[in-house]
Amino acid sequence: MMGLIIWFSRIIGIPFGTCVGSYDRSLLSVQKQKALFVFGDSLFDPGNNNYINTTTEFQANWSPYGESLFNPPTGRFCDGRLIPDFIAGYAELPLVPSYFEIGKDHFVHGVNFASGGASCLDETFRGFVIDLKTQLKYFKKVTKDLKKKFGRKKSKQLLSNAVYVFSAGNNDYFNFNATYPKHEYANMVIGNLTSVIKGIYKEGGRKFVILSLGPLGCTPGSRALKNGNCIQQLTTLAKIHNSALAKMLKQLEQQLLGFKYSLFDFFKVASERINDPSKYGFKTSKSACCGTDPFRGIYSCGGKRQVKEYKLCKNVKDYLFFDSGHLTEMAYKQVAELLWNGTVDVIQPYNLKSFFHLPA
């Protein structure tokens, strides 16, 4: 059941402790400095939930998570790297550290604030995750430290040049409050996301990348509850959200001077792979690599959660999903490649390759 709720929820050779601290402050050229700030849920969480008071339902810092690359596991809800890890590599940045691992200087190239189970609405999993508003609060602490180290002018330049990427809203719809009409509920979710984006803008952020929601009702966790079929109500909620998201971003572009955005059609990209997995190198999209029957859609991977029994596939590269609701490293790499240099049918008005070089 928890697999339905938590959805989609190191660059090799560069350890966390050395990835961003070894720079010469006197030579730091913030005019050319690239940085990536990451916000969101388990799609992006590099292990922030390892450091908060939560339950194993919202953590993944045990085997077989990370098995394809990380030993020991980092807390990523995947067998290996996540989308921000690949993006950092394409941008020639060190691995973006989690907020709780930045130390004194490890934030010049960006920070990852994402938290598995995080939401736009404060009440979704309250007390167990780092919700989006709290992630904004942490970001403000980082900007304060930047100003102390480099002064207001240089830190402003760094923040305006940086790219801010979001995966948010998934958990709000898995935890949908049916007492609200669907469109009203979506507007509440979008309203809170808008507030956070405006908060980052106020601190100096100008370039925002937002992932739309995927087809929420077609994860292995959803199929396990529907005898192998997709739960259409969840996917409908995702479509309503995505429509409102596109309108919101256009409005902000008109309202906020210098605001630039790029919207990635994760719904389309995920749907294509779910509907025709073999076209993209996968053998199945209905079953997960790790979990328990049916479809390994029970959220039990690693045996540390409520359900202890689980099975692990022999070849993770055959699978689109690693567990009941999270993609495999191979799938995340495909998504990241499209984010980086995709065309307007999946990302617009800019892909990340052009976005990073776009003047603030």
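Both backbone and side-chain heavy atoms feed into the values below; hydrogens, waters and symmetry mates do not.
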Between [X] and [Y], is any pair of side-chain heavy atoms under 4.5 Å apart?
X	Y	value
L338	F264	yes
I197	Y164	no
L320	T328	no
L36	V165	yes
I298	S324	no
C78	H326	no
F37	V96	no
R76	F70	yes

Atom [atom1] of [X] and atom [atom2] of [Y]: how far apart are they, to the nearest 0.5 Å?
X	Y	atom1	atom2	answer
N242	L237	CG	CG	11.0 Å
L159	R152	CG	CZ	11.0 Å
L213	N171	CG	CG	10.0 Å
C218	F321	SG	CZ	8.0 Å
T54	F125	OG1	CZ	10.0 Å
L327	L43	CG	CG	7.0 Å

**Partners passing ring pair (Phe, Tyr, Trp, His ring centres under 6.0 Å) against F356 (at least two apart in sequence or in another chain)** =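 F356 satisfies ring pair (Phe, Tyr, Trp, His ring centres under 6.0 Å) with W340 only.
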
**Item:** Residues which pass ring pair (Phe, Tyr, Trp, His ring centres under 6.0 Å) with Y319, listed by chain and number, not counting sequence neighbours
**Value:**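 In terms of ring pair (Phe, Tyr, Trp, His ring centres under 6.0 Å), with neighbours along the sequence ignored, Y319 is linked to no residue.
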
Between [X] and [Y], which heavy-atom pair has the shortest distance, and what is it?
X	Y	answer
A224	P294	CB-O, 3.6 Å
N48	D45	N-OD1, 2.7 Å
L312	E67	CD2-OE1, 3.7 Å
C120	L132	SG-CD2, 3.9 Å
I274	P215	CD1-CG, 3.7 Å
I347	S262	CG1-OG, 3.2 Å

**Request:** Assert yes or no for the condition that the ring centre distance of Y51 to Y99 is strictly below 6.0 Å.
**Result:**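 No: the rings miss the under 6.0 Å criterion.
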
**Ring centre gap for F113 and Y138 strictly below 6.0 Å** =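 No - the distance between ring centres of F113 and Y138 does not fall below the 6.0 Å cut-off.
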
Does any N or O in the side chain of [X] come within less than 3.5 Å of the main-chain N or O of [Y], such that one atom is a donor and the other an acceptor?
X	Y	result
D79	G66	no
S212	F266	yes
D318	K283	no
D276	E272	no
K207	N161	yes
N49	G116	yes

List in chain and number order the residues that pass side-chain contact (heavy atoms from CB on, under 4.5 Å) with [X], two or more places apart in sequence or in another chain; answer none if no residue qualifies.
X	answer
A336	I83, F86, I87, Y90
P277	F282, S285
C301	P64, Y65, C290, R305, F322, D323
E253	F259, Y261

**Message:** Applying ring-ring contact (aromatic ring centres under 6.0 Å, His included) as the test, list every pair that has at least one member in residues 214-243; sequence neighbours left out.
**Reply:**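 Qualifying pairs, neighbours excluded: Y173-H241.
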
[X], [atom1] atom: more than 12 neighbouring heavy atoms under 6.0 Å:
X	atom1	value
N227	CG	no
K308	NZ	yes
K317	NZ	no

**Message:** Is there a side chain to side chain contact (heavy atoms under 4.5 Å, CB included) between S115 and Q135? Walk through the geometry before answering.
**Reply:** CA-CA 9 Å; S115 167; Q135 291 179 35; 4.1 Å; yes

**All pairs passing salt bridge (charged side-chain N to carboxylate O under 4.0 Å, His left out) where residues 172-201 contributes a residue, at least two apart** =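 As it turns out, there is no salt bridge (charged side-chain N to carboxylate O under 4.0 Å, His left out) pair with a partner in residues 172-201 once direct neighbours are skipped.
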
**Item:** Pairs satisfying salt bridge (charged side-chain N to carboxylate O under 4.0 Å, His left out), at least one member in residues 286-304, at least two apart
**Value:**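 Applying salt bridge (charged side-chain N to carboxylate O under 4.0 Å, His left out) to every pair that reaches into residues 286-304, excluding sequence neighbours, yields D293-K311.
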
**Message:** Between F139 and V111, is the side chain to side chain contact (heavy atoms under 4.5 Å, CB included) condition met? List the steps.
**Reply:** CA-CA 8 Å; F139 171 70; V111 180; over 6 Å; no

In terms of hydrophobic clusters joined by side-chain contacts under 4.5 Å, are [X] and [Y] together?
X	Y	answer
F267	Y185	no
F295	Y310	no
I240	L263	no

**Item:** Partners meeting side-chain hydrogen bond (donor to acceptor under 3.5 Å, both in side chains) with S354 (sequence neighbours left out)
**Value:**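 For S354 the side-chain hydrogen bond (donor to acceptor under 3.5 Å, both in side chains) partners, ignoring immediate neighbours, are N351.
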
**Partner residues of R273 under the side-chain hydrogen bond (donor to acceptor under 3.5 Å, both in side chains) criterion, sequence neighbours left out** =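 Applying side-chain hydrogen bond (donor to acceptor under 3.5 Å, both in side chains) to R273 gives Q334.
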
Quick one about [Y] and [X] (side-chain donor to acceptor, distance below 3.5 Å, no hydrogens or angles considered), yes or no?
X	Y	result
T134	D131	yes
E203	T143	yes
S98	E101	yes

**Asked** Are R81 and Y332 in a cation-pi setup, meaning NZ or CZ lies under 6.0 angstrom from the ring centre and within 45 degrees of the ring axis?
**Response**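 No, R81 and Y332 do not form such a contact.
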
**Message:** Closer than 4.0 angstrom, basic N to acidic O: yes or no for D122 and K133?
**Reply:**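 Yes.
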
**Item:** Check against side chain to side chain contact (heavy atoms under 4.5 Å, CB included), V163 and F208
**Value:** CA-CA 6 Å; V163 172; F208 296 82; over 6 Å; no

**Candidate pair V209 and L352, rule side chain to side chain contact (heavy atoms under 4.5 Å, CB included), full reasoning** = CA-CA 8 Å; V209 180; L352 263 67; 3.6 Å; yes

**Message:** Among residues at least two apart in sequence or on other chains, which ones pass salt bridge (charged side-chain N to carboxylate O under 4.0 Å, His left out) with K268?
**Reply:**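 In terms of salt bridge (charged side-chain N to carboxylate O under 4.0 Å, His left out), with neighbours along the sequence ignored, K268 is linked to D345.
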
